[in-house]
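Here the structure comes first, spelled out in structure tokens, and everything after it is commentary.
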Amino acid sequence: MSMLELKNLTKTFGSTVAADDVSFTIDKGEIFGFIGPNGAGKSTTIRMIIGALTQDSGSIFLDDTNISKDRHYKDNISYVPGDVNLWGNLTGDEVINFFMKVRNYKNTAYKNELIEKFRLDPKKKCKTYSKGNRQKVALISAFLTDAKLLIFDEPTTGLDPLMERSFHEEVARAKSEGKSILLSSHILSEVEKLSDRIAIIREGKIIETGHLDELSHITRIEYIIQAKEDLSKLDELPFVHEFRVEGEDTHVLIDNDKAHDFLQTLYPLKPTKLQTLPPRLEDIFMRYYEGGRDGS
Ligand SMILES: Nc1ncnc2c1ncn2[C@@H]1O[C@H](COP(=O)(O)OP(=O)(O)O)[C@@H](O)[C@H]1O
Ligand SMILES: [Mg+2]
């Protein structure tokens with residue numbers, strides 16, 4: 001049931017290993033988040049998938065066929081780069097029409113719906129568009145195709161929050177139509193909300209893949225506490241992070257795999273309120289930034 005499978009992809013630029021043995025699989029109808037800081041190797045990996053770069057080693061399968069054996073595999077992929085370049089002298093409408101023609105796609109009602117939804121002025125020449133507007137033209141064109149795999153590299157960097165929501169809705173709609181979506185981002189919250197599964201890449205290497213729940217061993221949970229006794233001594237415990245007091249509440253961030261130890265320490269302090277917030281990808285990341293998956 002895999003739509004896309006990457007097997008041991010490696011790509012080097014001089015002495016930089018931009019992608020280092022990258023492997024992951026995206027299932028049909030799945031939204032897959034590809035997360036990592038700038039320079040981690042996301043765009044390099046994506047460029048290999050769309051055939052803009054050739055890998056040094058490894059292979060790519062689309063719908064179980066090695067893409068090197070299928071000259072037309074790109075017909076099944078729609079790709080929007082992070083920084084969109086368009087033909088300056090064409091209007092947004094002309095560009096969208098061009099892509100529709102190339103893809104033999106004729107649903108103008110949906111086209112008009114998307115133009116309205118993304119609040120694009122389609123009559124203006126592309127050279128007058130801001131980065132965000134160029135992005136809208138490319139996103140609209142991508143959503144309009146019937147490609148089975150949509151690839152968005154840092155899709156919402158130039159969009160304002162309202163447009164970001166429109167983007168999220170369209171991604172969900174594509175999924176409901178059975179399409180697979182690869183969403184690459186260094187903005188964790190944008191991917192976290194949408195993705196069925198995520199892969200985290202850092203310095204060219206995939207360091208984690210899975211459902212957010214499955215990554216709980218490397219996540220931290222925020223507890224909001226009130227207690228009869230003084231809570232300040234919690235701050236000294238090795239598995240307590242970001243100790244802070246806000247009014248009556250004390251907030252602490254606890255390594256998820258240390259919940260038992262934490263609750264045991266907390267019990268004698270006579271807690272009167274205990275609330276938790278779900279793990280955030282930011283915290284997963286922080287733990288890696290702090291020095292490896294042990295958090296040491
Ligand atoms: N065409 C290129 N030539 C040389 N180095 C490159 C090239 N493309 C990317 N790199 C390097 O490869 C690494 C990964 O870059 P990239 O894939 O763009 O990361 P990301 O998209 O995650 O920000 C970076 O160190 C970047 O400088
Ligand atoms: Mg990039």
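Position 1 is the first residue of the sequence; numbering continues from there. Values below: all heavy atoms of this structure, side chains included; hydrogens, waters and symmetry mates excluded. Being a predicted model, the structure only gives us computed values, none of them experimental.
Taking all atoms of both residues into account, the shortest heavy-atom contact from Ser176 to Arg173 is OG-O, 2.6 Å. Heavy-atom minimum distance, Cys126 versus Leu86: SG-CD1, 3.7 Å. Nearest heavy atom pair, residue Thr45 against residue Gly41, reads OG1-O, 2.8 Å. Nearest heavy-atom pair across Thr44 and Ala19 is CG2-CB, 4.5 Å. Shown here for Tyr79 and Pro81, the closest heavy-atom pair between the two residues is OH-CB, 3.2 Å. In plain terms, the two heavy atoms of Ser166 and Phe118 that are nearest each other are CB-CE2, 3.9 Å.
Looking at Ser180 and Asp27, their side chains never come closer than 4.5 Å, going by heavy atoms from C-beta outward. Side-chain contact check for Gln55 versus Ile60: some heavy-atom pair is nearer than 4.5 Å. Proximity of Lys136 to Leu159: side-chain heavy atoms (C-beta onward) are separated by under 4.5 Å at one or more points. Inter-residue side-chain proximity for His241 and Asp255 is flagged as met; some heavy-atom pair is nearer than 4.5 Å. Under the 4.5 Å side-chain criterion, counting only non-hydrogen atoms from C-beta, Ile50 is not in contact with Lys74. When side chains are defined from C-beta on, Pro122 does not count as touching Ile96, because their heavy atoms never get closer than 4.5 Å. A 4.5 Å side-chain heavy-atom check between Leu194 and Lys175 finds every atom pair outside the cut-off. Side-chain contact check for Asp261 versus Leu237: every heavy-atom pair is 4.5 Å or farther apart.
Under the side chain to side chain donor-acceptor pair (under 3.5 Å) criterion, Lys131 pairs with no residue, sequence neighbours left out. For Glu116, there are no side chain to side chain donor-acceptor pair (under 3.5 Å) partners at least two apart in sequence or on another chain. Residues satisfying the side chain to side chain contact (heavy atoms under 4.5 Å, CB included) criterion with Lys124, sequence neighbours excluded, are Asp121, Thr128, Tyr129. Applying the ring pair (Phe, Tyr, Trp, His ring centres under 6.0 Å) criterion to Phe98, with sequence neighbours excluded, gives Trp87. Residues meeting the side chain to side chain donor-acceptor pair (under 3.5 Å) test with Arg197, sequence neighbours left out: Glu30. Listed by chain and number, the residues in a side chain to side chain donor-acceptor pair (under 3.5 Å) with Gln226 are Asp249 (sequence neighbours excluded). When the ring pair (Phe, Tyr, Trp, His ring centres under 6.0 Å) test is applied to Phe262, the partners found at least two apart in sequence or on another chain are Tyr223.
Listed by first and then second residue, the salt bridge (Lys or Arg N to Asp or Glu O under 4.0 Å) pairs involving residues 224-235 are Glu229-Lys270 (not counting sequence neighbours). Applying the side chain to side chain donor-acceptor pair (under 3.5 Å) definition to pairs two or more places apart or across chains, those involving residues 6-17 are Asn8-Asp21, Thr12-Asp56. The salt bridge (Lys or Arg N to Asp or Glu O under 4.0 Å) pairs that include a residue from residues 152-166 are Lys42-Glu154, where partners are two or more places apart or lie in different chains. Residue pairs meeting the salt bridge (Lys or Arg N to Asp or Glu O under 4.0 Å) criterion with at least one member in residues 84-107, sequence neighbours excluded, are Asp93-Lys111, Asp93-Lys123.
Atoms CG and NE2, on Leu62 and His72 in that order, are 14.0 Å from each other to the nearest 0.5 Å. To the nearest 0.5 Å, atom CD1 of residue Ile26 and atom NZ of residue Lys28 are 13.0 Å apart. Atom NE2 of His186 and atom CG of Asn38 lie 5.0 Å apart (nearest 0.5 Å). Considering OG1 of Thr108 and CD of Glu113, their distance stands at 11.5 Å, rounded to 0.5 Å. For the atom pair Phe32 CZ and Ile198 CD1, the distance stands at 8.5 Å (nearest 0.5 Å). Expressed to the nearest 0.5 Å, how far OG1 of Thr265 lies from NZ of Lys258 amounts to 11.5 Å.
Remark: the Glu242 side chain and the His251 side chain contain no N/O donor-acceptor pair separated by less than 3.5 Å.
Linking ILVMFWY residues whenever their side-chain heavy atoms come closer than 4.5 Å, directly or via other members, places Leu162 and Phe167 in the same cluster. The hydrophobic cluster containing Phe61 does not contain Leu182, counting ILVMFWY residues as joined when their side-chain heavy atoms lie under 4.5 angstrom apart, directly or transitively. Val17 and Leu9 fall into different hydrophobic clusters, defined by Ile, Leu, Val, Met, Phe, Trp and Tyr side-chain heavy atoms under 4.5 Å apart, directly or through other members.
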Trace of the side-chain contact (heavy atoms from CB on, under 4.5 Å) decision for Ile254 with Val240 | CA-CA 5 Å; Ile254 306 292; Val240 173; 3.6 Å; yes

Steps toward side-chain contact (heavy atoms from CB on, under 4.5 Å) verdict (Ile77, Leu4) = CA-CA 10 Å; Ile77 299 180; Leu4 178 75; 5.8 Å; no

Yes or no on side-chain contact (heavy atoms from CB on, under 4.5 Å) for Leu139 and Phe152, after CA distance, side-chain angles and deciding distance?
-> CA-CA 8 Å; Leu139 290 174; Phe152 299 109; 3.6 Å; yes

Working for side-chain contact (heavy atoms from CB on, under 4.5 Å), residues Leu53 and Phe13 = CA-CA 11 Å; Leu53 281 177; Phe13 298 107; 3.9 Å; yes

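Tested against Val245 for a side-chain contact (heavy atoms from CB on, under 4.5 Å), the candidates Thr250, Val252, Leu231 yield a single pass: Thr250.
Under a 4.0 Å N-O distance rule, the pair Lys117/Glu169 qualifies as a salt bridge.
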Please report, to 0.1 Å, the donor-acceptor pairs under 3.5 Å made by any side chain of residues 141-151, with sequence neighbours excluded.
unit_1, atom_1, unit_2, atom_2, d
Ser141, OG, Val137, O, 2.8
Thr145, OG1, Ser78, OG, 2.9
Thr145, OG1, Ala142, O, 3.0
Thr145, OG1, Ala147, N, 3.3
Lys148, NZ, Asp63, OD2, 3.0

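Shown here is Glu177, whose CD atom has more than 12 heavy atoms of other residues, nucleotides or ligands within 6.0 Å. Counting non-hydrogen atoms of other residues, nucleotides and ligands closer than 6.0 Å to CZ of Arg71 gives a total of 12 or fewer.
Taking the six-membered ring wherever Trp is involved, the centroid distance between the rings of Tyr105 and Tyr110 does not fall below 6.0 Å.
At least one donor-acceptor pair closer than 3.5 Å links the side chain of Arg134 to the backbone N or O of Val84. The closest donor-acceptor contact from the side chain of Ser185 to the backbone of Ile35 lies at 3.5 Å or more, if one exists at all.
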